[in-house]
Amino acid sequence: QVQLVESGGGLVQAGGSLRLSCAASGRTFSSTAMAWFRQAPGAEREFVAARSTSTGSTYYADSVKGRFTISRDNAKNTVYLQMNSLSPEDTAVYYCASTTDRFLTFNSGRYFRRDLYDYWGQGTQVTVSS
């Protein structure tokens with residue numbers, strides 16, 4: 001089991017920045033990637049960003065590329081999502097997720113698949129005002 005706890009959400013004005021944190025505990029050695037997803041009211045949960053545990057390679061949704069950065073502090077077992085140039089369209093509950101999928105290396109498209117993530121945090125609300 002892996003436990004994930006997000007923090008750092010809040011209310012910010014358009015154009016502002018926030019940094020989300022995801023503290024991982026438990027069987028974290030089995031994780032092959034960490035990711036962030038988000039879910040706006042009335043919408044499906046969508047992929048935001050992911051980072052390979054083994055290579056450090058990162059992947060982003062087109063809507064956040066160039067504005068968001070995913071990173072990891074191995075000593076703290078924490079994954080971050082730095083969000084810059086926020087817009088009201090970024091308003092959502094943000095979820096941290098972990099996967100043990102062994103086939104990510106062979107098909108990078110798998111990083112984007114919500115169904116391949118085994119563990120999820122409780123979510124943190126991000127609200128961007130115009």
Indicate yes or no for a side-chain donor-acceptor contact from [X] to the backbone of [Y] under 3.5 Å, with no hydrogens or angles considered.
X	Y	value
Thr55	Ser52	no
Thr91	Val128	yes
Tyr95	Ala35	no
Gln122	Val5	no
Glu6	Gly123	yes

Original post:
Side-chain heavy atoms under 4.5 angstrom apart, residues restricted to Ile, Leu, Val, Met, Phe, Trp, Tyr: same cluster for Tyr59 and Val79?
Top reply: no

**OP:** Indicate if Ile70 and Tyr111 have the same hydrophobic cluster label, given that clusters are the connected sets of ILVMFWY residues with side-chain heavy-atom separations under 4.5 angstrom.
**Re:** no

Indicate the atoms forming the closest heavy-atom contact of [X] with [Y], along with that distance.
X	Y	value
Thr78	Ala23	OG1-CA, 4.0 Å
Pro88	Ser129	CG-C, 4.4 Å
Leu20	Gly9	CD2-N, 3.6 Å
Leu104	Thr99	CD1-CG2, 3.9 Å
Cys96	Leu4	O-CD1, 3.7 Å

Subject >> Residues, nucleotides or ligands: over 12 heavy atoms within 6.0 Å of Phe106 CZ >> reply: no

Subject >> Atom CD of Gln1: over 12 foreign heavy atoms under 6.0 Å >> reply: no

Separation of [Y] [atom2] from [X] [atom1] (nearest 0.5 Å):
X	Y	atom1	atom2	value
Arg27	Thr100	CZ	OG1	10.0 Å
Asp90	Ser63	CG	OG	7.5 Å
Asn77	Phe29	CG	CZ	11.5 Å
Arg45	Arg38	CZ	CZ	13.5 Å
Thr127	Leu86	OG1	CG	11.0 Å
Gln125	Gln39	CD	CD	11.0 Å

Subject >> Salt-bridge present (Arg113, Asp101; N to O < 4.0 Å) >> reply: no

Do [X] and [Y] have side chains that get closer than 4.5 Å, going by heavy atoms?
X	Y	answer
Ser71	Arg51	no
Thr69	Tyr60	yes
Met83	Val12	no
Tyr80	Trp36	no

Original post:
With under 30° as parallel and over 60° as perpendicular, where do the rings of Phe47 and Phe112 fit, or are they tilted in between?
Top reply: tilted

**OP:** Can you label the angle between the Tyr94 ring and the Phe68 ring as parallel, tilted or perpendicular, going by 30° and 60°?
**Re:** tilted

